[in-house]
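Down below is the structure, laid out as structure tokens.
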2 protein chains.
Amino acid sequence: MAENLKTVVSSKTKSIEIHRDLPTVIIGERINPTGRKKVLNALREGDFDVVRQDALTQVEAGAKVLDVNAGVPGADEIVLLRQVMQTVMEVTDVPLCIDTADPRALAAALAQYEGKALVNSVNGEEKSLSAVLPLVQEHGAAVIGLCMDDDGIPATAEARLAVAAKIIERAGQLGIEPKNIVIDPLALTMGADSSAGLLALNAIELIVAEFGVNITMGASNISFGMPDRKYINSTFIAMAIHAGMTCPITNPLVSEISTAVLAADLSMGRDDYGMNWITAYRKRQAAA
Amino acid sequence: MAENLKTVVSSKTKSIEIHRDLPTVIIGERINPTGRKKVLNALREGDFDVVRQDALTQVEAGAKVLDVNAGVPGADEIVLLRQVMQTVMEVTDVPLCIDTADPRALAAALAQYEGKALVNSVNGEEKSLSAVLPLVQEHGAAVIGLCMDDDGIPATAEARLAVAAKIIERAGQLGIEPKNIVIDPLALTMGADSSAGLLALNAIELIVAEFGVNITMGASNISFGMPDRKYINSTFIAMAIHAGMTCPITNPLVSEISTAVLAADLSMGRDDYGMNWITAYRKRQAAA
């Protein structure tokens with residue numbers, strides 16, 4: 001078993017530590033126009049109120065890092081991503097996870113960002129490795145590595161481990177340490193393949209045992225096409241935390257999910273005297 | 001890693017298989033006067049309607065085996081346990097888990113039972129091993145082995161593994177195979193010790209890796225003294241299933257718990273095409 005590594009990300013004024021002995025770090029997923037028409041339309045119209053709102057409510061609900069994505073078809077992502085980040089940084093002090101598929105937008109965003117960002121993401125494709133890793137190195141950022149490469153998403157946990165190994169190795173050649181790499185083993189939908197959840201859980205365990213790196217996952221794909229998705233997602237997140245996931249990208253406004261994360265931390269002995277659990281309970285009571 | 005073993009328990013007409021590749025088997029916990037005044041008073045008065053009701057509703061909610069306990073202070077447990085079992089067998093056909101601390105009541109119950117019962121329980125104490133295991137062997141039953149011995153409940157996962165090993169070895173000396181032993185690693189309350197959940201989860205993993213036996217747990221102790229216990233219990237059960245638990249003793253009438261078990265099975269690839277999940281969803285919809 002590899003030693004558990006600590007990833008630190010920061011804003012100008014706040015640092016967040018991600019480590020398997022600490023409470024799970026929720027990366028709030030909502031500032032993303034993909035599949036959210038309200039955000040998409042607002043960004044198209046240069047209206048950042050929804051972004052402000054999403055930033056504040058997610059932090060209030062327990063997000064410790066915020067993912068920011070400004071991928072609006074037809075818009076200038078270089079400009080828009082910086083505007084979205086600026087908006088978020090004006091209303092909260094949490095570190096950002098810069099989420100873009102465009103290396104130029106990423107470069108501009110990293111140049112603007114004060115602190116140590118989490119970059120979302122690099123993957124095992126040659127094109128991605130060569131475009132993203134130098135930017136991560138140059139700006140001293142941390143980066144999410146997706147377990148897919150030029151051949152697509154591997155169909156076994158072992159093959160996803162191999163992609164993780166490749167990303168970690170290539171990053172290392174540029175001087176990026178494993179502690180600054182957060183691996184996403186990728187959870188595909190169980191509606192298409194009943195073993196997709198187990199495969200992702202097994203991949204987490206293999207990658208953690210081999211490298212001790214932190215693990216993220218966008219855990220809501222898993223339930224696509226199924227009814228009552230929030231129950232599947234919240235249960236799966238708890239199991240993934242047991243497997244070794246440390247910083248899921250998810251929606252903390254779904255109370256089933258934030259509650260499952262807190263209960264999972266409690267069950268893993270990462271909530272001394274249950275204080276986080278009890279504090280959240282009191283907040284639920286006050287809100288009810 | 002040891003091979004995963006299959007435990008079969010049965011009633012006169014129905015067999016249930018417990019195995020790590022199959023859906024989780026819920027052992028319904030409710031037919032038990034301990035801490036349930038309504039059951040206690042009814043049994044005291046010779047009224048078995050509550051027992052009948054608890055049997056039917058638990059099976060309807062997904063219990064595949066029913067725990068039966070008739071430990072009423074001052075009552076003749078030999079007589080009462082047989083009456084409770086008889087009542088349950090009249091209204092359902094699921095296998096029973098015979099739950100008593102009195103070896104004479106156990107002997108009488110096993111003599112009456114038609115099928116292969118699960119005995120709840122033996123532990124590592126000399127007195128328990130010598131009283132219970134011969135009855136299990138004589139009646140060809142399966143047995144739950146609790147990870148405690150003459151020194152109490154061990155404070156480490158490794159020491160609980162050692163008690164499991166002792167129980168499995170002593171059973172083996174009587175010809176009871178490991179497949180007929182279901183280990184309960186014991187989950188103590190996290191309110192008293194924040195690491196109690198993690199210890200139980202680690203013990204499950206150690207015991208499964210070493211022996212491949214099936215694992216049960218009365219998973220509700222874990223949240224004793226905490227608010228919103230059902231959320232803790234349901235999350236912990238899902239994590240324990242990921243660790244290797246196959247047949248929790250729990251209350252399937254708590255929808256958070258039965259839903260978490262179904263979602264955990266789905267996540268572990270034990271629910272082909274999500275059919276169990278979808279069926280349960282439709283049932284919830286119809287009931288709403």
Side-chain angles (χ1 to χ4, degrees), chain A residues 21 187 189-202 204-205 219 222-223 225-244 255-256 258-282 284-285, chain B residues 21 187 189-202 204-205 219 222-223 225-244 255-256 258-282 284-285:
Chain A
D21 287 345
T189 170
M190 297 192 289
D193 176 358
S194 303
S195 66
L198 183 60
L199 197 163
L201 294 169
N202 289 346
I204 293 174
E205 292 186 302
I222 203 87
S223 61
M226 290 279 176
D228 270 352
R229 295 181 62 179
K230 63 186 176 183
Y231 299 128
I232 301 175
N233 293 348
S234 56
T235 300
F236 183 71
I237 281 184
M239 297 168 83
I241 289 171
H242 181 254
S255 71
E256 284 81 1
S258 43
T259 303
V261 169
L262 286 166
D265 283 344
L266 183 63
S267 300
M268 295 297 285
R270 297 172 193 165
D271 180 8
D272 289 345
Y273 307 102
M275 287 315 295
N276 292 340
W277 179 259
I278 292 164
T279 303
Y281 165 74
R282 287 188 182 140
R284 285 197 296 278
Q285 290 297 98
Chain B
D21 287 344
T189 171
M190 297 191 290
D193 175 359
S194 302
S195 66
L198 182 60
L199 197 163
L201 294 169
N202 289 346
I204 293 173
E205 292 187 302
I222 203 85
S223 60
M226 290 279 176
D228 270 352
R229 295 182 61 179
K230 63 187 176 183
Y231 299 128
I232 301 176
N233 293 347
S234 56
T235 300
F236 183 72
I237 281 184
M239 297 168 83
I241 289 171
H242 181 254
S255 72
E256 284 80 2
S258 43
T259 303
V261 169
L262 286 165
D265 284 343
L266 183 62
S267 300
M268 294 296 285
R270 297 173 192 164
D271 181 6
D272 289 345
Y273 308 102
M275 287 314 295
N276 292 339
W277 179 260
I278 292 164
T279 304
Y281 165 75
R282 288 187 182 140
R284 284 196 298 276
Q285 290 297 98

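Proteins come first, then strands; the chains are lettered A, B, ... in the order of their sequence lines, and each starts at number 1. Just so it is clear, the values below take in all heavy atoms, side chains as well, and ignore hydrogens, waters and symmetry mates.
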Between chain B and each of [options], count heavy-atom pairs under 4.5 Å; write down the option with the most.
options: A/P227, A/A263, A/G269; value: A/P227
options: A/I241, A/N233, A/I278, A/L266; value: A/L266
options: A/A200, A/A260, A/S194, A/A240; value: A/S194

Identify which part of [X] has an atom lying under 4.5 Å from any heavy atom of chain A, answering side chain, backbone, both or neither.
X: B/R282; result: neither
X: B/M190; result: side chain
X: B/A196; result: neither
X: B/D228; result: both

Next on the checklist: Can you give me the closest heavy-atom contact between A/A238 and B/T235, atom names plus distance?
Outcome noted: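 Shortest heavy-atom separation between A/A238 and B/T235 comes out as CB-CG2, 3.5 Å.
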Next on the checklist: Please find the pair of heavy atoms, one from B/M226 and one from B/R229, that lie closest to each other, and give the distance.
Outcome noted: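 Shortest heavy-atom contact: O-CG, 3.1 Å.
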So, do [X] and [Y] sit near enough that their side-chain heavy atoms are less than 4.5 Å apart?
X: A/L201; Y: A/F236; result: yes
X: A/I237; Y: A/V261; result: yes
X: B/T259; Y: B/S234; result: no
X: A/S267; Y: B/I222; result: no

Item to check | Straight-line distance of B/Y231 OH to A/L262 CG, nearest 0.5 Å | outcome: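 Those atoms lie 12.5 Å apart.
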Checklist entry - Where on A/A187 is there a heavy atom nearer than 4.5 Å to chain B: the side chain, the backbone, both, or neither? => result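 Neither part, no heavy atoms under 4.5 Å.
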Item to check | Contact origin within A/I232 toward chain B - heavy atom pairs under 4.5 Å | outcome: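 Interface part for A/I232: both.
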So which of [options] has the biggest tally of heavy-atom pairs under 4.5 Å with chain A?
options: B/A243, B/G274, B/S195, B/S223; answer: B/A243
options: B/R284, B/H242, B/Q285; answer: B/H242
options: B/E205, B/R270, B/E256; answer: B/E205

Checklist entry - Is it true that a side-chain atom of A/N276 and a backbone atom of A/D271 form a donor plus acceptor pair closer than 3.5 Å? => result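 No; judged by distance alone, with no hydrogens or angles, the pair does not exist.
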